[in-house]
Amino acid sequence: MKFGTKAIHAGVEPDPTTGAIMTPIYQTSTYVQESPGKHKGYEYARTQNPTRTVLQNNLAALENGKHGICYSSGLGATDAILKLFRPGDQIIASNDLYGGTYRIMVRVFQEFGLKFKFVDLSDPGKLEAALTPDDLSGRTKMVWIETPTNPLLRLVDIAAIAAITKSHGIQLVVDNTFASPYLQNPLDLGADIVLHSVTKYLGGHSDTVMGAIILNNDETAQRLTFIQNACGAVPGPQDCFLVLRGIKTLHVRMERHCENTQKVAQYLQQHPKVSQVHYPGLESHPGHELAKRQMRGFGGMLSFELSGDSMPEAVRVMESFNVFSLAESLGGVESLCTHPASMTHASIPKEERQKNGLKDTLIRLSVGIEDVDDLIQDLAQAIG
Ligand code: P1T
């Protein structure tokens with residue numbers, strides 16, 4: 001099946017009791033057993049829920065993976081992956097990543113003894129260089145990347161990084177939130193685990209918070225399913241239904257996100273008051289050629305900087321939008337504008353942010369699927 005057909009049909013069957021075409025919301029906490037241990041495969045709703053099962057199977061199909069496992073948020077999924085490790089184990093992560101991911105690594109798991117090293121992985125050579133003999137003596141267990149990265153839209157070469165991790169027996173996780181499975185399938189490029197903040201493009205309508213992990217390895221999937229039940233960060237059935245509904249239009253939405261964002265990026269690039277636009281669809285982007293190889297489109301996210309780097313001017317622009325809403329999050333049908341330094345990436349210390357190239361004046365856009373002329377007009381009046 002091709003992507004659009006899988007989005008609508010994979011894992012989804014008419015309800016066996018009524019023929020309902022839409023997966024029912026099994027709003028129940030428990031399931032009646034005939035005799036102790038004799039049941040229909042469902043015991044308690046933290047452990048299994050039929051609405052969640054359908055969504056998990058659908059997500060696995062979209063990422064060309066064997067197992068899909070859902071959690072109550074993207075960070076719930078991140079938490080589950082980090083619980084695969086023991087004190088002393090090291091994870092090497094890209095230095096440009098969602099602030100909450102940095103926060104759970106440094107402020108939660110580092111306190112439990114996990115070790116983290118942050119490296120600019122947009123150059124795979126830097127991964128080789130970062131792997132000291134000590135790191136390679138079994139200490140480094142995982143490499144963690146986002147591509148494109150949040151919020152600087154840097155591209156990381158998944159196949160090149162996977163070749164390095166495989167040669168050293170290290171696992172590779174790709175946070176595929178910005179691309180969505182419509183534009184990029186990391187498992188096909190050699191990644192071991194794909195993570196999504198389902199909250200974003202998969203849900204697509206800014207009405208649900210959820211996370212997911214997709215992978216092929218049976219043993220790791222079994223452990224992650226154990227953690228899902230044992231630690232309890234599960235999504236409710238209503239949310240699973242909303243995401244299943246959202247996914248049915250993922251391919252159509254992503255086409256419009258990409259089309260609109262390319263036009264918005266081109267508009268911003270020629271604007272005299274804009275000094276830099278970070279969007280992989282622009283030929284001037286350092287990852288443009290890689291994006292053409294690795295992705296099927298350039299996505300709906302971009303960030304930009306105003307000439308002069310003036311904070312009051314950046315704030316004035318962000319306060320002046322009529323169509324873009326100033327809010328955290330991304331990937332919904334409506335356009336959003338975010339100030340990473342004070343919002344999504346505030347949990348990364350300022351020196352750390354600046355060392356990685358994230359300026360306080362950076363403005364991030366999640367370009368929605370409205371009429372692009374209205375979006376460009378809104379940018380024109382806000383930037384002035
Ligand atoms: O918000 P949650 O569903 O827990 O997902 C966390 C997460 C993980 N990975 C990436 C790449 C993300 O962007 C996020 C959440 N990001 C935002 C809320 C944001 O505005 O960037």
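Note that ligands are numbered from 1 as they come in the structure, with each ligand's atoms numbered from 1 the same way. One-based numbering along the sequence shown.
When only modelled atom types and interatomic distance are considered, His67 and Gln222 share no side-chain donor-acceptor pair under 3.5 Å. No side-chain donor from either of Glu334 and Ser325 sits under 3.5 Å from a side-chain acceptor of the other.
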Which N or O atoms of ligand 1 sit under 3.5 Å from a protein N or O, and how far apart is each pair?
| unit_1 | atom_1 | unit_2 | atom_2 | d |
| --- | --- | --- | --- | --- |
| ligand 1 | 3 (O) | Gly74 | N | 2.9 |
| ligand 1 | 3 (O) | Ser197 | OG | 2.9 |
| ligand 1 | 3 (O) | Thr199 | OG1 | 2.6 |
| ligand 1 | 4 (O) | Gly74 | N | 3.0 |
| ligand 1 | 4 (O) | Leu75 | N | 2.9 |
| ligand 1 | 5 (O) | Ser197 | OG | 3.0 |
| ligand 1 | 9 (N) | Asp175 | OD2 | 2.6 |
| ligand 1 | 13 (O) | Asn150 | ND2 | 3.0 |
| ligand 1 | 16 (N) | Lys200 | NZ | 2.9 |
| ligand 1 | 20 (O) | Ser329 | N | 2.8 |
| ligand 1 | 20 (O) | Arg364 | NH2 | 2.8 |
| ligand 1 | 21 (O) | Asn150 | ND2 | 3.0 |
| ligand 1 | 21 (O) | Arg364 | NH1 | 2.8 |
| ligand 1 | 21 (O) | Arg364 | NH2 | 3.4 |

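For Tyr26, the ring pair (Phe, Tyr, Trp, His ring centres under 6.0 Å) test picks out no residue, with sequence neighbours left out.
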Donor-acceptor pairs are to be reported for all side-chain atoms of residues 375-384 against protein atoms at under 3.5 Å, with residues two or more places apart or in another chain.
| unit_1 | atom_1 | unit_2 | atom_2 | d |
| --- | --- | --- | --- | --- |
| Asp378 | OD1 | Asn322 | N | 2.8 |
| Asp378 | OD1 | Gln381 | NE2 | 2.8 |
| Asp378 | OD2 | Asn322 | N | 3.2 |
| Asp378 | OD2 | Val323 | N | 2.8 |
| Asp378 | OD2 | Phe324 | N | 3.0 |
| Gln381 | NE2 | Ser320 | O | 2.9 |
| Gln381 | NE2 | Asp378 | O | 3.2 |

Show the atom names and distances, to 0.1 Å, of all donor-acceptor pairs under 3.5 Å that link a side chain in residues 341-350 to residues at least two apart or in another chain.
| unit_1 | atom_1 | unit_2 | atom_2 | d |
| --- | --- | --- | --- | --- |
| Ser342 | OG | His339 | ND1 | 2.8 |
| His345 | NE2 | Leu97 | O | 3.2 |
| His345 | NE2 | Asn150 | O | 3.0 |
| Ser347 | OG | Gly99 | O | 3.0 |
| Lys350 | NZ | Asp360 | OD2 | 2.7 |

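Ring geometry for His251 against Tyr182 counts as tilted: the plane angle lies between 30° and 60°, on a 0 to 90° scale.
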